[in-house]
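One structure below.
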Amino acid sequence: MARITIPYAVADFVEMRERNFYYVDKTDFIPGLEDYKAPVFLRPRRFGKSLFISTLTCYYDRTKADRFEELFGGTWIGEHPTEEHNRYMIVRYDFSKMVMADDMEGLERNFNDLNRSPVEIMVTHNRDLFKDFQFSSKKEASKMLEEALGYAREHGLPKVYVLIDEYDNFTNQLLTAYKDPLYEQVTTKDSFLRTFFKVIKAGIGEGSIRTCFCTGVLPVTMDDLTSGYNIAEILTLHPRFLDMLGFTYEEASAYLRYVLDKYGTGQDSFEELWQLIVNNYDGYRFRPGAEPLFNSTILTYFFKNFATMDGMIPSELVDENLRTDIGWIRRLTLSQENSKEMLDALVIDDELSYNVSDLSSKFNKRKFFDKNFYPVSLFYLGMTTLRNNYRMVLPNLTMRSIYMDYYNEMNHIEGNAQRYVPTYERFEPLVQNYFEQYLGQFPAQVFDRINENFIRCSFFELCSRYLSSYYTFAIEQNNSAGRSDFEMTGIPGTDYYKDDRLVEFKYFKAKEAERMLALSDPRPEDVAQVLAYAKDTKEKFPYYHVRSYIVYICANKGWKCWEVTP
């Protein structure tokens with residue numbers, strides 16, 4: 001078996017290059033960053049922030065100058081280096097390692113325990129310049145940084161390049177743990193965190209720091225620090241940097257072709273796998289009209305599993321670590337009523353309204369928990385994305401699954417009432433199971449609220465839970481005839497490979513139920529619609545056995561299912 005060169009959970013650029021892992025080159029963004037002194041770049045979890053921090057560390061570290069060609073040969077920046085490469089002394093912080101505490105004294109102690117060593121490492125690595133310099137004390141991280149910067153400025157040493165990964169990780173943990181008073185202490189007055197950023201601000205102003213580059217998830221902490229670090233330039237929505245993290249279509253397509261050649265059966269299965277990964281991992285837009293991006297770490301998770309399974313599609317398409325993000329929804333909405341209202345908007349209406357100007361406005365803790373700003377809060381967390389200037393949506397099937405699961409939990413809907421069996425010769429038992437065992441748990445008044453979007457989302461969530469070892473799924477699959485409601489396709493290597501089931505759902509409220517349930521055949525327009533989708537699928541994948549279904553869900557009164565053929 002070939003050595004696995006898919007770098008899931010590899011965030012060290014040196015390891016990436018030394019072990020010849022597949023590398024999606026983002027180094028062409030480095031020259032643009034040199035126009036800034038205090039850039040802040042925000043992206044949701046799992047978007048490759050730590051690897052990019054590591055890349056910048058290697059590029060600017062003067063002690064790695066002799067390895068420049070080894071590390072950057074073949075990359076864009078290796079062929080177009082700036083004058084600043086390997087010119088600086090590096091201090092690299094990682095706030096994600098911060099240990100929580102229940103009071104300010106404990107937090108300050110843990111902060112210092114974590115952040116003393118990066119400055120000490122910088123001095124050690126550059127001892128040829130620091131000579132006999134010694135810290136007067138090693139108790140406070142801010143004081144140690146201040147002393148090192150003072151010595152560098154006094155002796156004309158190269159400037160320091162500061163990198164802070166996940167700058168808001170521990171402050172976000174305080175918010176999700178409902179420790180708001182402690183959060184406010186950390187971000188106000190002369191707290192240890194504000195003091196730390198004041199030292200960096202002074203270092204930039206005095207010229208001893210070339211740049212302080214921060215990554216994080218939310219703009220909230222940066223805004224709440226206010227005057228402590230009012231020089232920050234948040235580049236998250238800047239058109240120049242939109243693709244700096246996450247994979248574009250071109251990058252993801254090239255990655256997939258690499259994986260297929262090395263671990264799959266060649267390019268013959270490209271189209272069906274491309275369709276699968278677009279449905280599950282694509283869809284993040286960080287500016288209206290921008291190209292959608294793939295979540296890079298989660299896509300790599302899929303590729304790693306695909307490779308280790310010798311070219312088989314893994315049954316688990318979602319990295320379980322992502323599901324922990326649901327805690328943010330619980331914390332954000334503050335009340336069950338607010339949670340249900342927001343979930344109804346996304347799961348039933350398939351959208352949230354927002355004000356585009358709010359994306360780039362001041363965004364402190366007060367706004368973050370303001371009901372009017374929920375869409376923007378969810379956007380920064382990566383739990384919604386932009387459809388246009390007015391609406392936000394769920395980005396992909398991964399997020400639909402997470403939200404639908406939470407919706408069921410909020411409404412006390414039991415998903416395990418009757419397990420789905422692997423497959424059916426006929427499709428009707430699957431629909432019957434869904435109607436009786438899932439929809440049957442809802443009170444009658446709910447059926448005046450739900451719609452076709454809810455039906456396809458909830459049907460998908462149940463099918464994916466019980467049939468993911470046998471099928472992959474798509475909701476609103478784009479094709480030349482429009483957007484099909486639901487499609488399930490057998491996984492290569494299983495008994496169900498090439499079995500493709502295409503479904504068009506129609507939902508009717510109670511007042512229409514009796515009339516629709518009396519039909520012996522589906523409406524001609526519905527038949528034409530689903531057959532057009534089936535024709536498109538068959539043209540793309542002629543070796544699929546495509547079966548088409550029309551399903552009428554008639555409130556809580558009953559259901560009809562027809563298999564239709566051309």
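All residue numbers in this chain count up from 1 along the given sequence. Heavy-atom basis, side chains included; hydrogens, waters and symmetry copies ignored.
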Identify whether the distance between the nearest side-chain nitrogen and carboxylate oxygen of Glu70 and Arg17 falls below 4.0 Å. no
What's the spacing between Glu487 CD and Gln477 CD if we round to 0.5 Å? 6.0 Å
May I have the step-by-step check of ring-ring contact (aromatic ring centres under 6.0 Å, His included) for Tyr390 and Tyr354, ending in yes or no? CA-CA 6 Å; Tyr390 311 101; Tyr354 81 103; 7.9 Å; no
Looking at Tyr255, Phe303, Trp274, which one forms a ring pair (Phe, Tyr, Trp, His ring centres under 6.0 Å) with Phe294? Trp274
The ring pair (Phe, Tyr, Trp, His ring centres under 6.0 Å) partner of Tyr59 among Phe29, Phe72, Phe213 is Phe72
Run the numbers on Phe52 and Phe41 for ring-ring contact (aromatic ring centres under 6.0 Å, His included), then give the verdict. CA-CA 11 Å; Phe52 193 71; Phe41 194 75; 7.7 Å; no
Show your reasoning for whether side chain to side chain donor-acceptor pair (under 3.5 Å) applies to Tyr263 and Thr5. CA-CA 10 Å; Tyr263 305 105; Thr5 55; 3.0 Å; yes
Under a 4.0 Å threshold between the charged nitrogen and the carboxylate oxygen, would Arg400 count as salt-bridged to Glu476? yes
Of all the heavy-atom pairs spanning Ile4 and Lys304, show the shortest one and how long it is. CG2-CD, 3.6 Å
In short, Gly203 meets Leu149 closest at the heavy-atom pair CA-CD1, 4.3 Å
For Ser50 and Asp165, does a side-chain donor sit closer than 3.5 Å to a side-chain acceptor? yes
Calculate, to the nearest 0.5 Å, the distance between atoms OG and CG belonging to Ser253 and Leu273 respectively. 11.5 Å
Can you tell me how far the OG1 atom of Thr171 sits from the CE atom of Met98, to the nearest 0.5 Å? 9.5 Å
Side chains of Glu84 and Tyr88, donor plus acceptor under 3.5 Å: yes
Whether the side chain of Arg19 engages the backbone of Val14 through a donor-acceptor N/O pair (distance < 3.5 Å, no angle test) should be reported. no
Got a salt bridge between Arg67 and Glu18, using NZ or NE/NH1/NH2 to carboxylate O under 4.0 Å? yes
Pair Arg194 + Asp224: basic N to acidic O under 4.0 Å: no
Picking from Phe247, Phe286, Tyr380, what satisfies ring pair (Phe, Tyr, Trp, His ring centres under 6.0 Å) with Phe47? Phe286
Could you tell me which non-hydrogen atom of Pro44 sits nearest to which non-hydrogen atom of Gly382, and how far apart they are? CG-CA, 3.3 Å
Establish, for the pair Arg257 and Phe270, whether the NZ or CZ atom is under 6.0 angstrom from the six-membered ring centre and no further than 45 degrees off its axis. yes
Establish, from distance only, whether the side-chain atoms of Asn279 and Gln275 form a donor-acceptor pair under 3.5 Å. no
Indicate yes or no: at least one non-hydrogen side-chain atom of Thr384 is less than 4.5 angstrom from one of Val393. no
Scan side-chain atoms only and decide if Asn479 and Lys540 contain a donor-acceptor pair under the 3.5 Å cut-off. no
Between Thr27 (side chain) and Thr75 (backbone), is there a donor-acceptor pair under 3.5 Å? no
Regarding Lys97 and Asp113, does a basic nitrogen lie under 4.0 Å from an acidic carboxylate oxygen? no
Answer yes if the side chains of Asn305 and Tyr8 hold a donor-acceptor pair under 3.5 Å, and no otherwise. no
Looking at Thr297 and Arg46, would you say the former's side chain and the latter's main chain have a donor-acceptor pair under 3.5 Å? yes
Counting only N and O atoms by type, is there a donor-acceptor contact under 3.5 Å from the side chain of Asn112 to the main-chain atoms of Ala141? yes
Note: Asp61-Arg92 ion pair, threshold 4.0 Å (strictly below): no
Students often mix this up, so state it plainly: with edges at 30° and 60°, are the rings of Phe196 and Tyr93 parallel, tilted or perpendicular? perpendicular
Given Lys26 and Glu251, is the salt bridge (Lys or Arg N to Asp or Glu O under 4.0 Å) satisfied, shown in steps? CA-CA 10 Å; Lys26 295 289 187 177; Glu251 290 165 341; 2.8 Å; yes
Lys/Arg cation over aromatic Tyr60: Arg87, 6.0 Å, 45° cone: no
What's the shortest heavy-atom distance between Leu235 and Pro39, and which atoms? CD1-CB, 3.6 Å
Name the one of Ile200, Val40, Val160 that satisfies side chain to side chain contact (heavy atoms under 4.5 Å, CB included) with Cys212? Ile200
Does CD belonging to Glu539 count more than 12 external heavy atoms closer than 6.0 Å? yes
Is the Lys NZ or Arg CZ of Arg62 less than 6.0 Å from the centre of Tyr161's six-membered ring, within 45° of the axis? no
Parallel, tilted or perpendicular: which describes the rings of Phe95 and Phe197, with under 30° parallel and over 60° perpendicular? perpendicular
Quick one: does any side-chain atom of Thr55 pair with a main-chain N or O of Leu51 as donor and acceptor, under 3.5 Å? yes
Main chain of Glu166, side chain of Ser96: is a donor-acceptor contact present, judged purely on distance under 3.5 Å? no
As a quick check of understanding, evaluate ring-ring contact (aromatic ring centres under 6.0 Å, His included) for Phe135 and Phe133, giving each step before the final call. CA-CA 7 Å; Phe135 294 102; Phe133 167 81; 5.0 Å; yes
Do Tyr543 and Glu272 have side-chain atoms, one donor and one acceptor, less than 3.5 Å apart? yes
Does Tyr249 have more than 12 heavy atoms from other residues, nucleotides or ligands lying within 6.0 Å of its OH? yes
Side-chain donor-acceptor pair under 3.5 Å between Thr82 and Glu34, yes or no? yes
Between the main-chain N or O of Lys131 and the side-chain N or O of Arg127, is there a donor-acceptor pair closer than 3.5 Å? yes
Does the plane of the ring in Phe192 sit parallel, tilted or perpendicular to the ring in Phe111? Use 30° and 60° as the thresholds. tilted
Could you tell me whether the side chain of Arg285 and the main chain of Ala290 form a donor-acceptor pair under 3.5 Å? yes
For Arg465, is there an ion pair with Glu461 - N to carboxylate O distance below 4.0 angstrom? yes
May I ask you to decide if Trp76's main-chain N or O and Asp25's side chain share a donor-acceptor pair within less than 3.5 Å? yes
Counting distance only, does the side-chain N/O of Asp168 pair as donor-acceptor with the main-chain N or O of Leu218 below 3.5 Å? yes
